[in-house]
Protein chains: 2
Amino acid sequence: MADSRQQKATAELLKAFSHPTRLSILQELLAGPRCVTDMEEILPARQANISQHLAVLRHARLVDYAQDGVLKCYYLCRPKLVKDLLTLMGRDEPMVIRTAKEIKAEKKRLADMSESSRSIEISAAVTSGVKRRSRVR
Amino acid sequence: MADSRQQKATAELLKAFSHPTRLSILQELLAGPRCVTDMEEILPARQANISQHLAVLRHARLVDYAQDGVLKCYYLCRPKLVKDLLTLMGRDEPMVIRTAKEIKAEKKRLADMSESSRSIEISAAVTSGVKRRSRVR
DNA sequence: ACATAATATTCAAAAAATCGAATATGTGAA
DNA sequence: TTCACATATTCGATTTTTTGAATATTATGT
């Protein structure tokens with residue numbers, strides 16, 4: 001697991017989020033569908049540029065639109081994803097600071113915990129051909 | 001609200017996440033602290049490149065390290081943020097498809113709901129100098 | 001059919017991100 | 001001190017992203 005294809009897909013999706021203008025668009029769409037003209041009123045960007053960002057969001061399947069006469073009514077394809085991601089980014093978490101000592105202590109704790117299943121670990125390592133090249137201090 | 005400075009900061013933080021190699025590093029660090037050599041064994045990237053990505057993650061304050069002899073033991077500064085973000089991206093949400101009709105119906109519902117507080121809305125719009133340029137269908 | 005408003009696309013230039021290669025730095029051991 | 005190992009930085013080349021300007025497309029009303 002921890003597939004590299006998955007990481008690539010995730011990175012692409014995250015990239016679609018990673019622009020101030022696109023974040024503002026998503027934030028706005030969270031409040032409900034909007035046409036491009038509505039967005040022009042709110043965003044400090046030209047029409048063409050907004051259209052370009054909408055194209056990025058469409059390709060990422062984050063938004064889609066419903067044609068309404070001359071207007072294109074944009075909406076979120078995955079509102080929960082957008083809402084939860086934006087909420088998450090708004091949160092702030094106290095920064096952790098760790099020391100080498102503390103980390104070693106934790107490693108030891110984890111090693112002791114899996115003491116009982118040691119033989120299983122070893123055989124798994126052997127059958128998968130794992131080699132430890134790096135120093136273990 | 002919906003500050004453009006906030007969007008810029010958020011976009012920068014998200015950019016730090018938005019690379020397959022960096023996602024793999026974060027995923028790996030979720031399991032516990034790792035030194036660069038450990039990561040070299042796992043990632044399909046050269047040492048210099050991994051260091052470069054670690055620098056990006058450090059600047060975003062997503063990781064930091066504790067010096068342990070020759071080794072640098074990298075760890076997550078904000079493990080909850082990383083865990084929750086990765087979990088979120090792993091989830092999949094059914095894509096919503098909406099029609100112009102449905103959207104109009106929803107707008108009407110919302111408009112009716114705020115019927116009682118109409119006068120407040122109008123005065124707010126007037127005092128903030130709001131002008132509606134776009135068509136309302 | 002035509003004009004118009006709303007939106008999209010194309011193109012070229014500028015800015016930013018990525019990567020490998022080479023080199024530099026820092027730490028502990030001998 | 002000197003060496004070796006672990007990691008970081010710099011530099012230049014390549015690729016990707018972003019943007020404005022110009023232009024194209026599409027739906028509607030006349």
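Reminder, nothing fancy here: chain letters follow the sequence lines and each chain counts from 1. What's counted below: heavy atoms across the whole structure, side chains too, no hydrogens, waters or symmetry copies.
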**Message:** Is it the case that atom CZ in B:Arg91 sees more than 12 heavy atoms from other parts of the structure closer than 6.0 Å?
**Reply:**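 Buried by this count: over 12 neighbours within 6.0 Å.
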
**Request:** Can you see which heavy atom on B:Arg61 is nearest to which on B:Cys77, and at what distance?
**Result:**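 Shortest heavy-atom separation between B:Arg61 and B:Cys77 comes out as O-CB, 3.5 Å.
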
Below 4.0 angstrom from OP1 or OP2 of [N], is there any side-chain N or O of [X]?
X       : N      : result
A:Thr37 : C:dA5  : no
B:Tyr74 : D:dA8  : yes
A:Arg46 : D:dT19 : no

Integer-rounded Å distance: [N] [atom2] and [X] [atom1]:
X       : N      : atom1 : atom2 : result
A:Leu54 : C:dA8  : CG    : C1'   : 10 Å
A:Ile25 : C:dT7  : CD1   : C1'   : 13 Å
B:Ile50 : C:dC19 : CD1   : P     : 11 Å
B:Tyr65 : D:dA6  : OH    : P     : 17 Å
B:Glu41 : D:dA6  : CD    : P     : 10 Å
B:Lys72 : C:dG26 : NZ    : P     : 9 Å
B:Gln67 : D:dT7  : CD    : P     : 9 Å
A:Asp68 : D:dG29 : CG    : C1'   : 15 Å

**Message:** Using the rule given for side-chain hydrogen bond (donor to acceptor under 3.5 Å, both in side chains), can you reason through B:Tyr75 versus B:Arg34, listing the C-alpha separation, both sets of side-chain angles and the distance that settles it, and then say yes or no?
**Reply:** CA-CA 7 Å; B:Tyr75 62 86; B:Arg34 296 282 185 273; over 6 Å; no

**Request:** Determine, for nucleotides 9-18 of chain D in 5'-to-3' order, which nucleotides have protein heavy atoms under 4.0 Å from the base (write B), from only the sugar-phosphate (write S), or from neither (write -).
**Result:** BB------SS

Ion pair present between [X] and [Y], side-chain N to carboxylate O less than 4.0 angstrom?
X        : Y        : answer
B:Glu106 : B:Arg98  : yes
B:Asp112 : B:Lys108 : yes
B:Arg58  : B:Asp64  : no

**Atom pair CE (A:Met39) and OG (A:Ser24), whose distance is rounded to the nearest 0.5 Å** =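 Result: 11.0 Å between the selected atoms.
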
